[in-house]
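Presented below is the structure to which this report refers.
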Number of protein chains: 2
Amino acid sequence: MSTHEDGSFTYRYPHPAVATDIAIFTLREGRLAVLLIERGEEPFQGDWALPGGFLRPDEDLISCARRELCEEAGVEAPLLRQFGVFSAPDRDPRDRVISVAYLALLSSDRLKPQAGSDAADARWFAVADLPALAFDHRQIVEAALAALRSVAEATDILLDLMPARFTLTRLQAAYEIVTSQVADKRNFRARVLESGLLQETEDMERGPHRPARIYRRV
Amino acid sequence: MSTHEDGSFTYRYPHPAVATDIAIFTLREGRLAVLLIERGEEPFQGDWALPGGFLRPDEDLISCARRELCEEAGVEAPLLRQFGVFSAPDRDPRDRVISVAYLALLSSDRLKPQAGSDAADARWFAVADLPALAFDHRQIVEAALAALRSVAEATDILLDLMPARFTLTRLQAAYEIVTSQVADKRNFRARVLESGLLQETEDMERGPHRPARIYRRV
DNA sequence: CACGTTAGTGTAATTTTGACACGAAGATAG
DNA sequence: CTATCTTCGTGTCAAAATTACACTAACGTG
């Protein structure tokens, strides 16, 4: 911006609206799921959409994303990562809207009762089985998934999908669900243990089989 | 955006201006350089700034970036990569401005005579020796450099810094300048030749020493 | 034709990655 | 109480990728 021809250039054209959309994922019933809000009014009434909303004058974009996630979905988001900007002139039929998209992960033990204060309804949908999405939100979800998968293989981001305490088998399952590829058990365990990000606890998860050691984040 | 409480939410608050800024880099005299435009008016009159400008109603952001780069700096940009969004409420003293930042590379044989049609003056500055920058453009340049370095090690992006025909020694020099670390000559050559991105030409670059094979992109 | 300068090349050591199978521990049912 | 079922937890070896390393070749110049 800012190096424009004259001081009033800012006003030569109408300003677009600026909004954030948040693609927040979790694991539910062994599938990767994304949080969607049901639209109560036109356009796209009855369709589902990513949580999000318009930027306010006194906040920056990430604050906007965090606020909207909280207001619409009752979710106290952990880390938000900006992964794209959507700016096609006709992406919103009412008005010109630029959307800055954020990616978030929610650990599977904190799936709130979906008490979206603002939105009509909020639900988790398996990404393999999405309903009709409003606007270009299908495209945004696809971009979010691509971003998630590409960082999942290179970072510790998947720990954000885990509850506070978990077994290595569950962590590996999360990895396999997100990347859609199976991992070797021994290699996987060696890798994550050497990373130093996990701490062994004293406790074991029990079941009709040999108990599994429970770990937590360092 | 879009899943807001009522249909007029868009207008509850004034819309911010939306702009693009472009950090375009090249190699000059063995140093990495970024293109800056001298500001002709307040605020920050006399300071230098990244090329960029406001989004028009009929274009998307990447088109805006391409257009501004052309108008202000006379540069026909190659590939533009979006790497960040800057949204601090007070980043422009006049008005609320959201800036979407793009990264570009220019091959060193196409440094146009800087005929920025719009801007007062346009010059390349070595990134190690930047002047006072307007707005938060120092921060944007730092973010662009970080993005450039992180992709340089993992992609073929550095070929965009090369002229049409170049020697492997010059390509390696570009790599070393951008990453700030020396590479082993034999390993570097083996790697880029095996990548299949380069094609040997018949020609040699001559000098007071053994001639060097000239390559070009496939 | 001797010297200075940069180009060009291969191999061995090390590290990293990937493949692979079986005994251990507890729950349950007969 | 013992047999069975299920999941847990573990180490080694081969292959591949990466890194380290040094000398001769080719040309220009004086």
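Lettering follows sequence order; numbering is per chain, from 1.
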Return the value, rounded to whole Å, for the distance between atom [atom1] of [X] and atom [atom2] of [N].
X	N	atom1	atom2	answer
Arg191(B)	dG10(C)	CZ	P	18 Å
Phe166(B)	dA7(C)	CZ	P	14 Å
Phe188(A)	dT10(D)	CZ	C1'	16 Å
Lys185(A)	dG23(C)	NZ	P	15 Å

Fill in the blank from the handout: Comparing nearest nucleotides in DNA chain D, the 5'-proximal residue of the pair Arg170(A), Asp184(B) is Arg170(A)

Exercise for the section: Indicate, with a heavy-atom threshold strictly under 4.0 Å, whether Thr167(A) touches base, sugar-phosphate, or nothing. Expected result: nothing

Fill in the blank from the handout: Expected list for residues 202-218 of chain B near DNA chain C, using heavy atoms below 4.0 Å, is Pro208(B), His209(B), Arg210(B), Pro211(B), Ala212(B), Arg213(B)

Exercise for the section: Establish, yes or no, whether a centroid distance under 6.0 Å links the rings of Tyr102(A) and Phe83(A). Expected result: no

Exercise for the section: Could you tell me whether the side chain of Ser150(A) and the main chain of Ala147(A) form a donor-acceptor pair under 3.5 Å? Expected result: yes

Practice task
Indicate yes or no for a side-chain donor-acceptor contact from Ser63(A) to the backbone of Glu59(A) under 3.5 Å, with no hydrogens or angles considered.
Solution key: no

Is [X] near enough to [N] that one of its side-chain N or O atoms lies under 4.0 angstrom from OP1 or OP2?
X	N	value
Thr169(A)	dC8(D)	yes
Arg189(A)	dT10(D)	no
Arg186(B)	dC21(D)	no

Handout entry: Axial cation check for Trp48(B) ring with Arg123(B), 6.0 Å and 45° limits
Key = yes

Exercise for the section: Answer yes or no for Arg191(A) and Tyr175(A): cation-pi contact, defined as NZ/CZ to six-membered ring centre under 6.0 Å and angle to ring axis within 45°. Expected result: yes

Practice task
Could you work out which one of dA19(C), dA7(C), dA20(D) sits closest to the side chain of Asn187(A)?
Solution key: dA19(C)

Completion exercise
Taken to the nearest 0.5 Å, the spacing of Ser99(B) OG from Leu55(B) CG works out to 11.0 Å

